[in-house]
Undergrad: 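Below: one structure in structure tokens.
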Amino acid sequence: MSDQYPPYGQQPDPNVTPWSGPPAPQQGGQPPYGQQPPMPQYGQQPPVPQYGQQPPMPQYGAPVPPAKKSNKGLIIGLVGAVVLILALCGGGIGLLVAYGDDDEPTTATSAEPTSGTTPGTTASPAPGQSDAPSDNNSMTARFSSDLSNVCQGSRILNSAPYNGPAGAKAYTFSNSPDRPTSWSSKYVSSTKPYSAKTTEYEAVSVVGCLKFVEGSEGEPTKCLYKDKTGKQVTVDYVSSRYVLTFYAAKTGEKVGDGGTVAAPANRCPSIISYNNVTMKAYASPDAGTIESALDKFLS
């Protein structure tokens, strides 16, 4: 073992002895003066400094983690869109309220005409255009129930033409006192030659319309039932009369009369549909009388 001495003119290191070698690095201490501490890689947590030790400073130019995106702008945009939609729909909501609850609708006028005409005047028809209304009530049936529109003055474009009562197929509908513009189908025996299935509506050429006769109500029959809550109620079951008229389905023209059909109410039905305000139910036209009238007209 040889002795080690510092060069000439240099002070010996007090931490170094001739027999110990160079000084060992300090554990957990500060790095040598002028040297930057190592930076942790992105995504790793920096080491926790020991007590009394300064945390390492980030190196200049090191990447900064991106900031979290905020949904604040998106939320504000959605709120603005909802407000705009409500503002645009405000007029429609007002019309629904005005026309839904009043018996006589309130007429609303705008500040500027929307039809391109001066208020108080009527637009003139274009040259060559007739001012007579077109056949707006004509329609193409898609279901058998569409033929009930014949009773309201419509023509069914895809129905069979009427060439006389012999061999004609027929549907029959009736209205009711509380729903005069609503027409329901009346049963006809499938054994009748003029009977047509619901899928055979395009083969039908005759529509029979049973219209309620105003003021024909008879003395009601008191019928006892239980409502959906189990409470017992009394329903006035009312008899009446109907007038049967036959129309050509394709043209809407009247082709015959079926006479008067009674709607008897002398016996309470097992199932009844009644008005829960007036507590009245109206009897249906007698099925046997309807078939007798059809037999006579379409024989």
Undergrad: In Å and rounded to the nearest 0.5 Å, what is the OG1 to CG distance from Thr198 to Leu147?
TA: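 The distance works out to 12.0 Å.
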Undergrad: Please round to the nearest 0.5 Å and tell me the distance separating atom OH of Tyr225 and atom CD1 of Ile271.
TA: 9.5 Å
Undergrad: Specify the closest pair of heavy atoms between Thr289 and Asp286, including all atoms of both residues, with the distance to one decimal.
TA: OG1-OD2, 2.7 Å
Undergrad: Provide the closest heavy-atom pair for Ala249 versus Ser159 in the form atom of the first, atom of the second, distance.
TA: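 Reported closest heavy-atom pair: C-OG, 3.4 Å.
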Undergrad: Quick one: CD on Gln152 to CG on Asn137, what's the gap to the nearest 0.5 Å?
TA: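 Spacing of CD (Gln152) from CG (Asn137) equals 9.0 Å.
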Undergrad: Indicate, with yes or no, if Tyr274 and Val238 share a hydrophobic cluster defined by side-chain heavy-atom contacts under 4.5 Å among Ile, Leu, Val, Met, Phe, Trp and Tyr.
TA: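 Different clusters.
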Undergrad: Does a side-chain heavy-atom distance below 4.5 Å link Ser176 with Tyr282?
TA: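 No, side chains not in contact.
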Undergrad: Any chance you could measure Leu298, atom CG, to Ser205, atom OG, to the nearest 0.5 Å?
TA: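 Nearest 0.5 Å value for the CG-OG distance: 8.0 Å.
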Undergrad: Over all heavy atoms of both residues, which pair between Ala283 and Ala265 is shortest? Give the atoms and the distance, please.
TA: CB-CB, 3.9 Å
Undergrad: Between Phe173 and Val243, is there a shared hydrophobic cluster once you connect ILVMFWY residues whose side-chain heavy atoms come closer than 4.5 Å?
TA: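 No.
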Undergrad: Any side-chain heavy atom of Thr172 within less than 4.5 Å of one from Val207?
TA: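 No; the side chains remain at least 4.5 Å from each other.
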Undergrad: Among the clusters formed by ILVMFWY side chains lying less than 4.5 Å apart, do Trp183 and Tyr247 turn up in the same one?
TA: yes
Undergrad: For residues 174-194, pull every pair meeting salt bridge (Lys or Arg N to Asp or Glu O under 4.0 Å), keeping only residues two or more places apart or in separate chains.
TA: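 The answer is Lys192-Asp295.
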Undergrad: Taking all non-hydrogen atoms of both residues into account, name the closest pair between Leu157 and Ser138 and its distance.
TA: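 Of all heavy-atom pairs spanning Leu157 and Ser138, the closest is CD2-CB, 3.9 Å.
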Undergrad: Would Leu244 and Asp257 count as a side chain to side chain contact (heavy atoms under 4.5 Å, CB included) here? Give the steps.
TA: CA-CA 6 Å; Leu244 177 58; Asp257 291 314; over 6 Å; no
Undergrad: Cys151 versus Lys211: any side-chain heavy-atom pair under 4.5 Å?
TA: no
Undergrad: Are the side chain of Tyr162 and the backbone N or O of Thr251 linked by a donor-acceptor pair below 3.5 Å?
TA: no
Undergrad: Backbone N or O of Lys231 within a donor-acceptor pair of the Asp227 side chain at under 3.5 Å?
TA: yes
Undergrad: For Phe212 and Ser216, work out which heavy atoms get closest and say how close.
TA: CE1-OG, 3.7 Å
Undergrad: Got a second to check how far Thr140's OG1 is from Ile156's CD1, nearest 0.5 Å?
TA: 8.0 Å
Undergrad: Please check: side-chain N/O of Asn175 versus main-chain N/O of Pro180, any donor-acceptor pairing under 3.5 Å?
TA: yes
Undergrad: Do Val235 and Lys280 come close enough that some side-chain heavy atom pair is under 4.5 Å?
TA: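 Val235 does not reach Lys280 side chain to side chain.
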Undergrad: Got a donor-acceptor contact below 3.5 angstrom from the Ser154 side chain to the Val150 backbone?
TA: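 No, Ser154 side chain to Val150 backbone: no donor-acceptor pair under 3.5 Å.
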Undergrad: For side chain to side chain contact (heavy atoms under 4.5 Å, CB included), just list the numbers for Tyr237 and Ser239, CA-CA rounded to whole Å, side-chain angles, deciding distance to a tenth of an Å, and then say yes or no.
TA: CA-CA 7 Å; Tyr237 192 43; Ser239 63; over 6 Å; no
Undergrad: Tell me whether Val204 is reachable from Leu294 by hopping between hydrophobic residues (I, L, V, M, F, W, Y) whose side-chain heavy atoms are closer than 4.5 Å.
TA: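 Leu294 does not cluster with Val204.
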Undergrad: Below 4.5 Å, heavy atoms only, C-beta onward: do Val206 and Lys169 meet side chain to side chain?
TA: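 A side-chain contact under 4.5 Å is absent here.
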Undergrad: Might you point out which heavy atoms bring Ser284 and Pro264 nearest each other, and give the distance in Å?
TA: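 Heavy atoms only, the tightest pair is O-CD, 4.3 Å.
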Undergrad: Do the side chains of Thr245 and Lys254 get nearer than 4.5 Å, heavy atoms only?
TA: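 In contact.
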Undergrad: Does a side chain donor of either Arg241 or Thr260 reach within less than 3.5 Å of an acceptor in the other side chain?
TA: no
Undergrad: Is any side-chain heavy atom of Tyr171 closer than 4.5 Å to a side-chain heavy atom of Ser144?
TA: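 Heavy-atom side-chain distance check passes, below 4.5 Å.
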Undergrad: Classify the ring geometry between Phe297 and Phe246 as parallel (under 30°), tilted (30 to 60°) or perpendicular (over 60°).
TA: parallel
Undergrad: Hydrophobic clusters here meaning ILVMFWY residues chained together by side-chain heavy-atom distances under 4.5 Å, can you tell me if Ile290 and Val213 are in one?
TA: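 Shared cluster, no.
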Undergrad: Supply the atom-to-atom distance Asp236 CG to Met279 CE, rounded to the nearest 0.5 angstrom.
TA: 8.0 Å
Undergrad: How about Thr234 and Cys223: do any of their side-chain heavy atoms sit closer than 4.5 Å?
TA: no
Undergrad: With side chain to side chain donor-acceptor pair (under 3.5 Å) as the test, pick out the partner of Asn158 among Lys250, Glu202, Arg142.
TA: Glu202
